[in-house]
Amino acid sequence: MLVILQNEQLLSTEKVCNGCLMANHGGTPRWQKGKLGCGQCLGKLGQNQPTVYQCQMGFHLVNIE
């Protein structure tokens, strides 16, 4: 599940991405096969930590399970 990190909070992508022009038709990030189509990979936060992505609007996203 993709979530947005902001000020040490986890935000739902549905709430943030719903009005974004870069989002898919469902109002969620363009996430396919482990890649963010509307942003770039920034790397891992640390060992055993999730990979961080930055969308084109500047939000930081992580994929948590």
Side-chain angles (χ1 to χ4, degrees):
M1 170 174 69
L2 280 176
V3 295
I4 294 177
L5 295 173
Q6 186 169 18
N7 297 331
E8 300 181 12
Q9 293 182 338
L10 298 178
L11 303 174
S12 166
T13 56
E14 286 83 13
K15 290 183 178 179
V16 176
C17 302
N18 194 25
C20 180
L21 295 175
M22 304 296 176
N24 65 15
H25 294 295
T28 60
R30 296 181 183 271
W31 181 255
Q32 291 185 333
K33 299 180 181 176
K35 293 186 177 184
L36 185 64
C38 54
Q40 63 181 345
C41 179
L42 298 179
K44 291 189 173 271
L45 292 172
Q47 190 174 8
N48 297 327
Q49 297 293 317
T51 302
V52 179
Y53 300 87
Q54 184 175 28
C55 76
Q56 293 185 13
M57 299 304 289
F59 290 101
H60 289 140
L61 296 95
V62 294
N63 184 25
I64 57 173
E65 297 179 16

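Just the heavy atoms: all of them, side chains too, but no hydrogens, waters or symmetry mates, feed the values below. For clarity, every value in this text was computed on a predicted model and none was experimentally measured.
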What are the two closest heavy atoms between [X] and [Y], and how far apart are they?
{"X": "Cys20", "Y": "Met57", "value": "SG-CG, 3.7 Å"}
{"X": "Asn63", "Y": "Pro50", "value": "O-CB, 3.8 Å"}
{"X": "Leu2", "Y": "Thr13", "value": "O-CG2, 3.4 Å"}

Let me confirm one number: the [atom1]-[atom2] distance from [X] to [Y], rounded to the nearest 0.5 Å.
{"X": "Met1", "Y": "Ser12", "atom1": "CE", "atom2": "OG", "result": "8.0 Å"}
{"X": "Gln40", "Y": "Tyr53", "atom1": "CD", "atom2": "OH", "result": "11.5 Å"}
{"X": "Cys41", "Y": "Gln54", "atom1": "SG", "atom2": "CD", "result": "11.0 Å"}

* Asked: Would Leu5 and Leu10 satisfy side chain to side chain contact (heavy atoms under 4.5 Å, CB included), going step by step from the backbone distance to the final call?
  -> CA-CA 5 Å; Leu5 295 173; Leu10 298 178; 3.1 Å; yes
Does [X] belong to the same Ile/Leu/Val/Met/Phe/Trp/Tyr cluster as [Y], with side-chain heavy atoms less than 4.5 Å apart forming each link?
{"X": "Val3", "Y": "Trp31", "answer": "no"}
{"X": "Met22", "Y": "Leu36", "answer": "no"}
{"X": "Leu42", "Y": "Leu45", "answer": "yes"}

* To do: Return yes when atom CD1 of Ile64 has more than 12 non-hydrogen atoms of other residues, nucleotides or ligands closer than 6.0 Å, and no otherwise.
  => yes
* Checking Asn7 side chain against Gln9 main chain: does a donor-acceptor pair fall under 3.5 Å? ->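 Judged by distance alone, no pair lies under 3.5 Å.
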* Structure fact -> Result for side chain to side chain contact (heavy atoms under 4.5 Å, CB included) between Cys17 and one of Thr28, Leu11, Ile4 points to Ile4
